[in-house]
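Remember, it's a predicted structure, so these values are computed and weren't measured experimentally.
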Amino acid sequence: MKDTETDADPVLRLDGICKTFPGVVALADVELALYPGQVTALVGENGAGKSTLVKVLTGIHQPDAGTIRVDGAETRFPSAGAATKAGITAIHQETVLFDELTVAENIFLGHAPRGRFGLVDWTRMRGDAAAILDRIGARIDPRTPLRELGIASKHLVAIARALSVDARVVVMDEPTASLSQAEIEELYELVGRLKSEGKAILFISHKFDEVFRIADRYTVFRDGEMVDAGLIADVTEDQLVERMVGRSMDAIFPARTATPGGEVLRVEGMSHPTEFADISFTLRRGEILGFYGLVGAGRSEFMQALFGVTRPSSGTVTLDGRPLVIRSPADAIASGIVYVPEDRGRQGAITAMPIFQNVTLPSLAQTSRHGFVRMAEEFRLARRYTERLDLRAAALDQEVGTLSGGNQQKVVIAKWLATRPAVIILDEPTKGIDVGSKAAVHEFMAELAAEGLSIVMVSSEIPEILGMSDRVIVLRDGRIAARFDREGLTPEALVRAAAGYETAA
Amino acid sequence: MSPTAEARRLPDRGTGCGARILRSWELLLAVIAILIFIANTQASPYFLDPWNLSDATFNFTEKAMIAFAMAFLIIAGEIDLSVAGIIALASTAMGWALQFDVGAAGLAVIGLGVGVVCGLFNGVLVTRLGLPSIVVTIGTMSLFRGISYIVLGDQAFNGYPESFVWLGRGYVFWVVSFELVLFALLAGLYAVVLHATNFGRQVYAIGNNPTAATFSGIRVARVKMILFVLTGAMSGIAAICLTARLGSTRPSIAFAWELEVVTMVVLGGVSILGGAGSIPGVVLAALIIGMATFGLGLLNVPGIVMSIFTGALLIAVIALPRLYRLIRTGRAA
């Protein structure tokens with residue numbers, strides 16, 4: 001898929017870039033070329049490797065293999081500073097700026113113009129900042145403290161910062177994710193201006209409308225591999241969706257034959273002041289209900305509200321016909337609803353504590369007598385669930401932090417199953433774990449469902465949603481965008497519902 | 001699951017339990033304690049006298065009582081620097097109550113009550129308002145002692161009844177003082193609670209990862225509240241013993257004890273970052289600090305040098321494990 005026909009040589013060219021993290025291949029033999037005065041859109045599902053690529057480009061991660069060429073000369077970015085010096089700059093999803101500094105200081109932090117005795121030349125710095133802001137059409141006083149600006153203006157400051165170092169390659173990682181429609185229009189204009197100045201732009205986005213509006217080229221990532229690249233003019237939205245999702249269902253999912261039983265959980269009209277609104281659904285015995293959506297669609301936020309971590313502003317939850325009042329995770333666990341969080345290291349496992357203590361933490365009432373721990377009981381409970389999950393460890397008193405990602409996830413799942421819940425919410429249950437552990441988790445989920453456990457599964461991986469769910473709910477911007485039964489469920493339909501792109505057909 | 005999974009059996013404990021004990025901080029402390037003991041016997045012929053040894057225990061018993069509760073608090077990721085302030089306030093309250101002829105039991109109840117109320121106050125500020133405990137308790141440290149200064153000025157409360165004074169100077173059996181017995185009982189109690197109960201387990205979980213602890217259904221704020229109240233109560237008990245032993249209350253009572261208590265806890269192997277530590281370690285640290293200061297006293301080392309010693313010890317204890325790790329990883333690289 002090489003573009004031999006090019007109107008210019010690429011400013012930046014990546015070849016054969018590989019990057020692995022313990023247990024995960026984030027990038028496998030990836031190539032990418034960026035051309036001056038052109039916008040290249042990088043599309044792919046969550047976890048396809050886009051963010052890792054950005055980190056490689058900006059010197060935050062070092063690739064394990066492959067070459068980076070700037071103007072044809074091979075180079076390396078051992079640090080973020082080296083990438084900046086080579087003219088590559090990134091505007092991240094959550095831009096790193098400093099609230100307590102002024103706009104001018106933010107723009108020139110680390111490379112402020114120097115005057116006599118090496119002191120910062122404040123007058124020149126403010127003048128230069130004003131000039132750059134003017135160039136991008138931002139009406140912001142450089143002396144304003146950053147904290148007084150809104151998100152959109154902060155983005156503009158970040159862009160000004162990128163221009164202040166005379167960047168030749170600008171990476172924009174989902175720049176419109178938190179902008180209003182009017183602000184998005186301004187950003188498009190700005191991208192156009194950068195193009196006309198001859199900058200090469202890498203534009204990462206989930207939104208197809210903007211990809212087709214502003215990009216000249218596209219590159220599609222899937223599961224850490226570059227699967228397609230070319231000119232936007234040569235491709236249709238449908239083709240792009242298809243390539244992003246992929247036809248292959250590499251993972252083998254367990255066969256699910258059992259039919260779900262009666263209603264177990266009913267959620268009605270659940271809303272939150274900022275994160276989600278009006279979410280209603282039911283869950284039946286032995287059913288797996290998938291929740292799909294883009295990052296930031298409010299899936300985890302909703303699940304954590306259901307689990308009592310945050311308080312919803314309205315809505316009712318009924319379990320087995322009994323209305324529940326859930327004010328804390330302790331309440332949820334006591335009623336039989338448990339949540340396996342996405343952020344394993346922070347919310348799920350206590351990595352400095354041994355496996356058995358992690359497993360028994362929410363079940364201490366079960367394993368103790370009169371408040372005193374009984375280690376023999378703890379080992380028994382921990383063994384029952386970890387062996388069922390085929391945990392690979394040396395011993396049950398091993399610290400969880402010494403296990404691989406997949407095995408840590410098994411410990412976390414074991415911990416929640418040991419409480420014998422009625423409903424288990426799995427938030428990205430196989431994110432960042434190796435293929436073998438993934439299959440074990442999937443197999444185990446099917447087994448649990450067959451035994452009558454009701455499962456809510458949040459996932460950004462389309463194959464997993466398709467392979468495991470009995471029904472699927474798609475969230476977009478905190479609201480239910482679509483509901484699917486197993487029939488009529490296609491990858492394309494999921495992506496369209498999640499991205500808000502309605503097909504004309 | 002596959003048949004191979006059924007056949008595999010995870011052992012409870014991995015190999016190398018013995019090696020872990022050999023490398024443990026507690027063992028190192030025990031060795032240091034023995035070395036200091038031997039050094040003391042060499043330094044002064046009076047050290048081995050049973051009554052001198054008994055006197056030496058007063059150097060740590062009151063501080064160690066607070067250190068047990070402080071260990072819980074630090075393991076849970078919080079700290080209470082107001083403990084010495086609480087002693088001053090509790091002692092002042094007891095001295096003030098002398099005029100009403102309340103007897104030993106009444107005085108003890110007042111001392112303990114003031115401690116509990118102070119702990120509750122700290123706990124509310126930290127857990128309800130979400131303020132950092134280090135800032136809150138630096139504030140209440142001055143606040144509590146400040147009240148003592150207002151009440152007492154440059155005066156002192158004297159004339160504690162004989163039955164009350166026994167709590168600080170009395171002996172249960174031969175050279176075994178009431179304070180030493182109380183210290184031993186509390187050490188046992190705290191060790192059991194920390195190492196053998198659900199509550200203790202939850203304290204470790206909170207200190208290691210408060211978010212995961214919350215997600216695991218632990219009521220983190222409630223546990224922390226209990227720990228602040230417990231630390232306040234122990235400060236109250238220490239105030240009773242110390243006031244009884246001194247027989248008087250001045251506003252400068254137990255001045256800067258919070259540093260010695262924290263030193264004791266950290267020397268005992270409790271991670272200042274939370275999540276790790278043991279009560280046996282704190283007991284050994286108490287013995288070491290008690291014996292070291294007593295030994296220096298026998299050598300007529302002035303008090304200011306002893307405070308230099310305590311400060312140096314605190315820094316050394318925090319820095320040594322990190323230095324050790326730096327050297328080890330440096331060699332590996």
Return the OG1 to CG distance between B:T211 and A:D343, rounded to the nearest 0.5 Å.
8.5 Å
Which heavy atom of A:A330 sits nearest a heavy atom of B:G217, and at what distance?
CB-O, 3.3 Å
For chain B, which residues of residues 415-424 of chain A have at least one non-hydrogen atom nearer than 4.5 Å to it?
A:K415, A:W416
Give, as side chain, backbone, both or neither, the part of A:Q398 having an atom under 4.5 angstrom from any heavy atom of chain B.
neither
Any pair with a residue in residues 350-368 of chain A that passes salt bridge (Lys or Arg N to Asp or Glu O under 4.0 Å), sequence neighbours left out, goes on the list, sorted by first then second residue, please.
none
Which residues pass the ring-ring contact (aromatic ring centres under 6.0 Å, His included) test with A:F379, not counting sequence neighbours?
A:F356
Within-4.5 Å side-chain heavy-atom neighbours: B:T214 and A:V309:
no
Please report the closest heavy-atom contact between A:G348 and B:A212, naming both atoms and the distance.
O-CB, 4.0 Å
With the threshold set at 4.0 Å, does a side-chain nitrogen-carboxylate oxygen contact exist between A:D331 and B:R219?
yes
Can you check whether B:R13 reaches A:L396 side chain to side chain, under 4.5 Å on heavy atoms?
no
Do other residues, nucleotides or ligands put more than 12 heavy atoms under 6.0 Å from the CZ atom of A:R374?
yes
When rounded to the nearest 0.5 angstrom, what is the spacing between CG in B:D12 and CZ in A:R380?
9.5 Å
For B:I134, does the CD1 atom have more than 12 heavy-atom neighbours from other residues, nucleotides or ligands under 6.0 Å away?
no
Heavy-atom distances under 4.5 Å only: say whether A:A349 touches chain B with side chain, backbone, both or neither.
backbone
Measure distances from A:F372 to the heavy atoms of chain B and classify the residue's part below 4.5 Å as side chain, backbone, both or neither.
both
Would you check if the side chain of B:N209 reaches a backbone N or O of A:R346 as a donor-acceptor pair within less than 3.5 Å?
yes
Name all residues meeting the ring-ring contact (aromatic ring centres under 6.0 Å, His included) criterion together with B:F72; count only those two or more places apart in sequence or in a different chain, and write none if there are none.
B:Y190
Would B:I218 and A:L361 count as a side-chain contact (heavy atoms from CB on, under 4.5 Å) here? Give the steps.
CA-CA 8 Å; B:I218 296 173; A:L361 197 56; 3.9 Å; yes
Nearest heavy-atom contact between B:A213 and A:I350 is N-CD1, 4.5 Å
Using non-hydrogen atoms and a 4.5 Å limit, figure out which bit of B:V193 sits close to chain A: side chain, backbone, both or neither.
neither
Close side-chain approach of B:F215 and A:P329, heavy atoms under 4.5 Å:
no
B:H195 vs A:V373 side-chain heavy atoms within contact, under 4.5 Å:
no
Below 4.5 Å from any heavy atom of chain B, which atoms of A:L364 appear? Answer side chain, backbone, both or neither.
both
